[in-house]
Amino acid sequence: MSQKIQSIRGMNDLLPADAGVWQHLQSVAAEVFGGYGYRELRVPVVERTELFRRAVGEVTDVVEKEMYTFDDRGGENLSLRPELTAGIVRAGIEHGLLYNQQQRVWSCGPVFRYERPQAGRYRQFHQLDVEAFGLAGPDVDIEMIAIAARLWQRLGVSGFVLQINSLGTPESRTQYRAALTDYLRSHEHALDEDSKRRLGSNPLRVLDSKVPATRAIVAAAPNILDHLDAESALHFAALKRGLDALGIAFEVNPRLVRGLDYYTRTVFEWTTDQLGAQDAVCAGGRYDGLVAHLGGAPTPGIGFAIGMERLIALIGLQQAVVPEHGPQVYFCRFGAQAEAAAAALAEQLRDQLPSLRLLLNAGGGKLGAQLKRADACGARYALILGDDEAATQTVQVKSLRGEGEPVSIGWPELSQHLAQRVGMSA
RNA sequence: GUGGGCGUAGCUCAGUUGGUUAGAGCUCCGGAUUGUGAUUCCGGAGGUCGUGGGUUCGAGUCCCAUCGUCCACCCCA
């Protein structure tokens, strides 16, 4: 027997039983984003490694140890995308979408990070991503957060905490970073090893350490919000007012920093206490310097990403309503003449009711066995066409869910009858 | 990258201190009912016990390695 080939660790198949939630999430998301005037933009899964190094940041964990990087046959150094923003910005610059104009776009697809898998964390996972360019004011920041809030509401999920913070401008952050480093150095002996290492490379990251001893020190550390430049402070105040005005609850968390280097001013994160350790479902922020950093004209930008696997886990946990997507009607057929007639009739029904989900029995079998399949696939109705029905040009319509006795319907009336039963317009 | 739990049928799991042909429920297929499912009854199919070594007269059971999976650290969506 040959060796069984398994899927790559941390990369999952999406099986038919779970496909319904994904389709639902994608269609609701497209509708919500479209409702704010955002249009879809798709970018390749593979880009030059250099793009991610520059966009995400050299010293971030994502770039340092989590990227799938390889040389292609032409010697080009490429990487599977670890996030969507970098590619979107690259595409925007390349096609002139960001030159002196406003753009609102969304994207969706797989991203890759080489991490140890666990609940809510996979090596191939999927993000929904929303980005706006050319808009510097806090009004778009508010819009971003409102979009996410509306998506939660439309999906019927709740229990999130929204945390917001401001990282200021690169200049104000440099000042704050110096003040923070001074403070942490004076307590260096009590910090954990990871934090000591970060002191030199990325001291802001010490702020969200989970080590209790470090947390105690961080609690008394200088507050980034006290070190904002005047304009960033006004921006942040306007954001808070705007969220209040929309009735969106939030918490200010001055220790909220992001793992990617490109953020400026507003950062935010929606978390939940229902998913274990991987509790961030949606995170994002403003990145006013990124477009210029990647070679475009200076253009402000802001965006967020949603972890689809995590959001879908929440939909499952909270038993949010997901529309049925399996067959509604199962067509039973037997006898040579009847089988051919049923095939033609099924095609005709699909002409007349394009949204009807009709499964035509194949592979023969006795009527009893066919009805068993009909029941098992979750269909609401069975159509029965044997030689008796073929002779009279009728079909028996039988409810499988206790909605009355079977009725006999003539072929010409069938589509209208079904449309009524299933609740769709003919 | 670090630490711990777990790998027996398609699924969920039993399997006594190592001892003949490895079990159950669900699912699937067939029959009881030669044209009526979801209930019941009967029958059948389905497993190199994750993989590779080792100990032993004998390994699903013990040892080692390896892969996978789950949870946490870490990281982040």
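Bear in mind the structure is a predicted one, so any value in this text is a computation, not a measurement.
- Contact between the side-chain N/O atoms of A:Arg205 and the OP1/OP2 oxygens of B:C76 is found at a separation under 4.0 Å.
- Taking 3.5 Å as the limit, the base of B:C76 and the side chain of A:Arg310 contain a donor-acceptor pair of atoms between them.
- Not a single donor-acceptor contact under 3.5 angstrom links the side-chain atoms of A:Gln370 to the base of B:U36.
- Taking the charged nitrogens against the carboxylate oxygens, A:Arg113 and A:Glu83 have no contact shorter than 4.0 Å, which rules out a salt bridge.
- The residue A:Lys65 sits apart from the nucleic acid: no heavy atom pair falls under 4.0 Å.
- For A:Arg121 and B:C74, a side-chain-to-base donor-acceptor distance below 3.5 Å is present, hydrogens and geometry of angles not being considered.
- As judged by a 4.0 angstrom heavy-atom cut-off over every strand, A:Gly284 is placed among residues making no nucleic acid contact.
- Computed from coordinates, the A:Phe112 CZ to B:A77 P distance equals 16 Å when rounded to whole Å.
- Residue-level contact check: A:Phe304 touches neither bases nor backbone, having no heavy atom under 4.0 Å from any strand.
- Residue side chain A:Glu66 does not reach the base of B:G1 through any donor-acceptor N/O pair under 3.5 Å, judged by distance alone.
- If you check the side chains of A:Tyr330 and A:Gln370, you find no donor sitting under 3.5 Å from an acceptor.
- Side chain of A:Arg357 to main chain of A:His325: a donor-acceptor pair is present (N/O by atom type, distance under 3.5 Å, no hydrogens or angles).
- Among A:Asp141, A:Val267, A:Leu135, A:Thr264, the one residue that satisfies the side chain to side chain contact (heavy atoms under 4.5 Å, CB included) test with A:Ile302 is A:Asp141.
- The same atom, P, is picked in B:G50 and in B:C11; the two are 13 Å apart, to the nearest Å.
- Counting any heavy atom pair closer than 4.0 Å across all strands shown, A:Tyr330 reaches no nucleic acid atom.
- In this structure, A:Gly402 reaches neither bases nor backbone, as no heavy-atom distance under 4.0 Å exists between it and the strands shown.
- As judged by a 4.0 angstrom heavy-atom cut-off over every strand, A:Ala283 is placed among residues touching the sugar-phosphate backbone only.
- Dashed line: the shortest gap from a side-chain N or O of A:Arg113 to OP1 or OP2 of B:C76 is not under 4.0 Å.
- Residues meeting the ring pair (Phe, Tyr, Trp, His ring centres under 6.0 Å) test with A:Tyr114, sequence neighbours left out: A:Tyr68.
- When the side-chain nitrogen and oxygen atoms of A:Gln118 are compared with OP1 and OP2 of B:A72, one or more of them lie within a distance under 4.0 Å.
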